[in-house]
Amino acid sequence: MAKYKLINFKTLGDERGSLIAIEKGYNAPFGIKRVYYIFDTKKGVERGFHAHISLKQIAIAVKGSCTFVLDNGKQREEIQLTSPNQGLLIDGLIWREMKYFSDDCVLVVLASEYYDESDYIRNYDKFLEMVKDDS
Ligand code: T46
């Protein structure tokens, strides 16, 4: 069943500043095999425009902000990531687009699997067909 949700991470802080820890089974519902980050995004750029077959991911704007458009084949919703203590969990067949990157945005993504192009659905009509078959 495809789904997404925001996770609020507990900020551990003291007089030196802040720290957030992400652990499988505590605040991440999967083991992390891969981490990538998107930064220096040029003005007006939109990214994504795909879904994944089985990859689970948590996206965190550790600096700056950006907006995810999430589409389950029936409804589209926009979620703005503005804080390092918020993670967007995306699990399963969700079409995603990313836009409105602030100049300073650093978007870190934690992924459940190694990079595999065959897990991507980059054609929206094919995505809609797969969602129909999934429901
Ligand atoms: C996603 C959104 C949120 C790799 O070689 N290894 C990797 O781990 C990744 C993520 C990408 N790449 C290559 C594939 C492309 O040649 O880096 C290039 C850019 O990737 P892509 O165009 O897929 O980037 P986005 O920003 O459109 O999508 C990425 C992730 O690929 C995707 O899984 O959910 O961020």
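Atoms within a ligand are numbered from 1 in the order they appear, just like the ligands themselves. As the structure is a prediction and not an experimental result, all values here were calculated from the model.
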Determine, step by step, whether Ile121 and Ile53 satisfy the side-chain contact (heavy atoms from CB on, under 4.5 Å) criterion, reporting the C-alpha distance in whole Å, the side-chain angles of both residues, the deciding distance to 0.1 Å, and the verdict.
CA-CA 7 Å; Ile121 307 154; Ile53 297 169; 3.8 Å; yes
For Arg122, the atoms of ligand 1 under 4.0 Å from one of its heavy atoms are 23 (O)
Between ligand 1 and Arg96, is the shortest N or O to N or O distance under 3.5 Å? yes
Is_contact(atom 15 (C) of ligand 1), protein non-hydrogen, under 4.0 Å
no
*For ligand 1, is there an atom lying under 4.0 Å from some heavy atom of Phe49?*
no
Would you say Ile38 has any N or O atom under 3.5 Å from an N or O of ligand 1, going by distance alone?
-> no
Looking only at heavy atoms, the pair that brings Phe9 and Ile22 closest together is CZ-CD1, 3.8 Å
Check your understanding: Can you check whether a protein heavy atom sits less than 4.0 angstrom from atom 32 (C) of ligand 1?
Key -> yes
Aromatic rings Trp95 and Tyr124: how do their planes relate, parallel, tilted or perpendicular, breaks at 30° and 60°? perpendicular
The protein heavy atom nearest to atom 35 (O) of ligand 1 is Tyr36 OH, 3.2 Å
- Message: When you group the ILVMFWY residues by side-chain heavy-atom contacts below 4.5 Å and let the links chain together, are Ile58 and Val109 in the same group?
- Response: no
For Leu19, the hydrophobic cluster (side chain heavy atoms closer than 4.5 Å, chained through members) also holds Leu12
among protein heavy atoms, the one nearest atom 34 (O) of ligand 1 is Gln57 NE2, 2.7 Å
query = With distance as the sole test, does Arg76 use its side chain to make a donor-acceptor pair with the main-chain N or O of Asp71 at under 3.5 Å?
reply = no
A student checking ligand 1 against His50 at a 4.0 Å heavy-atom cut-off should list atoms 1 (C), 2 (C), 27 (O), 28 (O), 32 (C), 33 (O), 34 (O)
Going by the 4.0 angstrom heavy-atom rule, the piece of Met98 near ligand 1 is side chain
From the list Glu78, Met98, Glu77, side-chain contact (heavy atoms from CB on, under 4.5 Å) with Val69 holds only for Glu78
Of Val106, Thr41, Asp40, the one forming a side-chain contact (heavy atoms from CB on, under 4.5 Å) with Phe101 is Thr41
Quiz prompt | Any side-chain heavy-atom pair of Leu81 and Leu6 under 4.5 Å | solution = yes
Quick check: do Glu97 and Thr67 have side-chain heavy atoms less than 4.5 Å from each other?
no
One finds that the ligand 1 atoms under 4.0 Å from a non-hydrogen atom of His52 are 32 (C), 33 (O), 34 (O)
| query | For ligand 1, is there an atom lying under 4.0 Å from some heavy atom of Gly48? | reply | yes
closest protein heavy atom to atom 26 (O) of ligand 1 is Arg47 NE, 2.7 Å
closest protein heavy atom to atom 9 (C) of ligand 1 is Tyr115 CD1, 3.7 Å
re atom 8 (O) of ligand 1, the protein heavy-atom contact at minimum distance is Arg34 NH1, 2.5 Å
